Visitor: 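Encoded as structure tokens, here's the structure I'll be asking about.
Both backbone and side-chain heavy atoms feed into the values below; hydrogens, waters and symmetry mates do not. These numbers were taken from a predicted model, which means no experiment stands behind them. By convention in this document, chain letters (A, B, ...) are assigned in the order of the sequence lines, proteins followed by strands, and residues within each chain are numbered from 1.
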Amino acid sequence: MDSKYNLVGGKSCPKFPTKKPATVVNFGSSTKKARLDQRPTEVTKLGPGTLLQQRKSLPVYGVRNRLISEIQKHSTVIIIGETGSGKTTQIPQFMHEVRLDKNGIIGITQPRRVAAITLSQRVSQEMNTDCGAIVGYTVRFEDVTSECTKLKYLTDGMLLREAMLDTLLMSYSIIVLDEAHERTVHTDVLFGIVKQAQALRDEKLLKPLKIVVMSATMDVDHFSDYFGSVPILYLEGRQHPIQVFHALHRQDDYVFSCLVTIFQIHQDAPANQDILVFLTGQEEIEAMARSIRLIVKDLDGKCPCLKVYPLYSSLPSHQQLDVFRPTPQGMRKVILSTNIAETSVTISGIKYVIDSGMVKVRTHHPGTGLDVLKVQRISQAQAWQRTGRAGRESSGFCYRVYTFQEFDAMLKNSIPEIQRCNLTNVVLQLLALEIDPLTFNFLDKPPKELVNGALQQLKQLGAIDTVEGTKLTEMGHQMALFPLDPRFSKILLSAKDYGCLEEILSIVALLSSESVFVIPPSKREKAVAAHTKFFSSSGDHITLLNIYRSFSAVTQKKQWCHENFLNMRNLQYASEVRSQLAELCQRCKMQMSSCNQNVDQVRKCLVTGLFMNIAELQRERQYLTVESRQIVAIHPSSVLYSLHPHCVLFTEVIQTGSCYLRQVSQVDPEWLRDIVPEYVQQHRLLTLVS
DNA sequence: ATTGGCGGA
């Protein structure tokens, strides 16, 4: 298969068919030692002696001196390491021990907050210091560093924010871009920023910047080429062998095939060997959970007791935590998960992985402004990532519900997010750094249409003067200060003109968080009834405002959220976002203001940033978007779903089955003529407003 | 007539 694969892991064996009854899904196998990415090490409470022993037993420890000398010799290196190699915790310590950091900081980026926090806690424990002293972390809302911090774990997004203040990142002597294979938008932009900073610092004879890229991918030449053929160092991991099976025949229903496979395994495997199944979404997972529970009833006594655990991000946290409880003796867990279990969540004790080979992917279409959420085939790299989830404690098995030929036809690597998402924010950030997004040295260039679409929208919002121009207006500079979609930043900055900053802050904060509504399937009617008292007939935005106003007024927040079927965690997050935004507004010298009960002001203010998102009722329930002439419908979760007003403003349009408008408010077409007269003229919207 | 993969500032 892939030659590099064999370098890191064990030997590849020829695959052979297994003898199974013809009524089941037939698999062929090939024994492989899975290639894996690095997960944050769990913080375990241990004495200092044991900690040192643990450190010394890590594979990376044995090659310490070679690693140091390579990193010392080269200004940029790529390090490929398997899970359990200890690269993320040890290599920064090694560099610090020999003072490679000199008079600067070693910054280590992570795609996720929890990883940055737990890693820095682990490393400060290993170095026998308090977290926040020599070792610290910086994530949104939380900065646990001090004057003496030398090893700083931070989210990639945080380092990008720091680059906004200093493009040369002068406080750092070494930057480690960890988990680079995940290719988050933030890491991808950082690639270019860090490379530019390194070159400029050399050019200006400033202190040099060393770059270390850490990844688990097979496609490492790509990273190396980007920096000009820099050395690649491979690290051994501590991964157990995993036997991989492919379906011998093409399956036409991957959900059903997964279900069949679960029971094939369940009937043969000893108790306490758990199964992890990768599926694509909440609905699919809940449906399969119901099927399994029904089938289990008919199996009585013949097999170990089988317990089903759904796992997806919108699941309340206490239900997510259930997954981590060890399986009771004589039982078996089957976890039905989205790709959350691929990277974000690590479950111990998994012996079997069943891979549907599918994933839900969001793709932005700049011409129509439409986001499409579609089920697609995964990439080979992703398939290996899933496979690896079976071999964390001991040897394991992975059943791929697709043939080897289908595997072979998959993309080697997934399309990076930067090539398929809305780039308005990225482009605004680059322009704020005086970087031309059309010539920026991306690791992988996004399609021209995405960059142009972003420039177009920034021009509409008044952030730039001309689409060709790369200079921000005063408005654009202010917008770039906010950690928001530029349309929301625009609304926030307009709020002073409408005297409703208090209200807009609450709404924008809630739009930045996940849904606050909790609707357990078993208590659906009760939950909806509880939500109804917050509903506003003018739409979802004012409904969100009503919720936030009530939330901030009550003292017993936990109980209140429970009674009203609202998600406490998401409301608290929104409240943190709100404080941060309020502080930024204050820094922009904006006066606080409130429209109290005159909430029409709020909807008018929303128009200043979302005027391109207007839709008009065509016939019953069918709307037409004014700018892109798309046929759409209001999302069933909207309070306007059954009211269908003549003219609405929407926050986003997403195609799942049909095209749906989400977060919708009724607006008076007359407002458009007052608020965005040029836009109305340009788009000949006079029929709408007359 | 009927519903939201995962992160992050």
Visitor: In whole Å, what is the span from the CG atom of A/Asn570 to the C1' atom of B/dG7?
Guide: 14 Å
Visitor: Is there, by distance only and without an angle test, a donor paired with an acceptor across the side chain of A/Arg524 and the base of B/dT2 below 3.5 Å?
Guide: no
Visitor: Applying a 4.0 Å non-hydrogen cut-off, can you work out what A/Ile340 is touching in the nucleic acid: base, sugar-phosphate, or nothing?
Guide: sugar-phosphate
Visitor: Check whether any side-chain nitrogen or oxygen of A/Thr338 sits under 4.0 Å from OP1 or OP2 of B/dC6, and answer yes or no.
Guide: yes
Visitor: Whole-Å distance between B/dT3 C1' and A/Glu652 CD?
Guide: 13 Å
Visitor: So, does A/Thr155 get its side chain near the phosphate of B/dA9, meaning an N or O under 4.0 Å from OP1 or OP2?
Guide: yes
Visitor: Counting the atoms with a prime plus P, OP1 and OP2 as sugar-phosphate, which does A/Gln282 contact under 4.0 Å by heavy atoms, base, sugar-phosphate, or nothing?
Guide: sugar-phosphate
Visitor: Could you tell me whether the side chain of A/Asn546 reaches within less than 4.5 Å of the side chain of A/Ser536, counting heavy atoms only?
Guide: yes
Visitor: What is the distance from NE2 of A/His186 to C1' of B/dC6, rounded to the nearest Å?
Guide: 14 Å
Visitor: Within this structure, what is the NZ-to-P distance between A/Lys360 and B/dT3, rounded to whole angstrom?
Guide: 11 Å
Visitor: Taking the side chain as every heavy atom from C-beta outward, state whether A/Arg389 and A/Glu342 have any pair of such atoms under 4.5 Å apart.
Guide: no
Visitor: How is A/Leu484 classified with respect to the nucleic acid when contacts are heavy atoms under 4.0 Å: base, sugar-phosphate, or nothing?
Guide: base
Visitor: Using a 4.5 Å cut-off on heavy atoms from C-beta on, say whether the side chain of A/Asn570 contacts that of A/Leu510.
Guide: no
Visitor: Between A/Glu286 and A/Arg290, does at least one N-O distance fall below 4.0 Å, as a salt bridge requires?
Guide: no
Visitor: Listing request: all ring pair (Phe, Tyr, Trp, His ring centres under 6.0 Å) pairs with a residue in residues 411-435 of chain A, at least two apart in sequence or in separate chains.
Guide: none
Visitor: Reckon A/Asn425 touches a base, only the sugar-phosphate, or nothing at all at heavy-atom distances under 4.0 Å?
Guide: base
Visitor: When the distance from CD of A/Gln622 to P of B/dT2 is rounded to whole Å, what number comes out?
Guide: 13 Å
Visitor: Side-chain N or O of A/Arg161 less than 4.0 angstrom from OP1 or OP2 on B/dG8?
Guide: no
Visitor: Figure out the CD/C1' separation between A/Glu284 and B/dG5, and round it to whole Å.
Guide: 11 Å
Visitor: By nearest nucleotide on DNA chain B, pick out whichever of A/Tyr573 and A/His635 is the more 5' one.
Guide: A/His635
Visitor: Let's see if you get this right: which residues in residues 310-321 of chain A place a heavy atom under 4.0 Å from DNA chain B?
Guide: A/Tyr312, A/Ser313
Visitor: Any side-chain heavy-atom pair from A/Arg112 and A/Thr343 closer than 4.5 angstrom?
Guide: yes
Visitor: Please classify the nucleic acid contact of A/Tyr641 as base, sugar-phosphate, or nothing, using heavy-atom distances under 4.0 Å.
Guide: base
Visitor: Please tell me which of the listed nucleotides, B/dA9, B/dG8, B/dG5, lies nearest to the side chain of A/Arg112?
Guide: B/dG8
Visitor: What I'd like to find out is whether the side chain of A/Leu493 reaches to under 4.5 Å of the side chain of A/Met590, using heavy atoms alone.
Guide: yes
Visitor: Distance check needed: B/dC6 P versus A/Arg386 CZ, whole Å only.
Guide: 12 Å
Visitor: Would you classify A/Arg662 as touching base, sugar-phosphate or nothing, given that sugar-phosphate means primed atoms plus P, OP1 and OP2, and contacts are heavy atoms under 4.0 Å?
Guide: base
Visitor: For A/Phe565, check ring pair (Phe, Tyr, Trp, His ring centres under 6.0 Å) against everything at least two apart and list the hits.
Guide: none
Visitor: Can you check the A/Ile418 CD1 to B/dG8 C1' distance for me, whole Å?
Guide: 13 Å
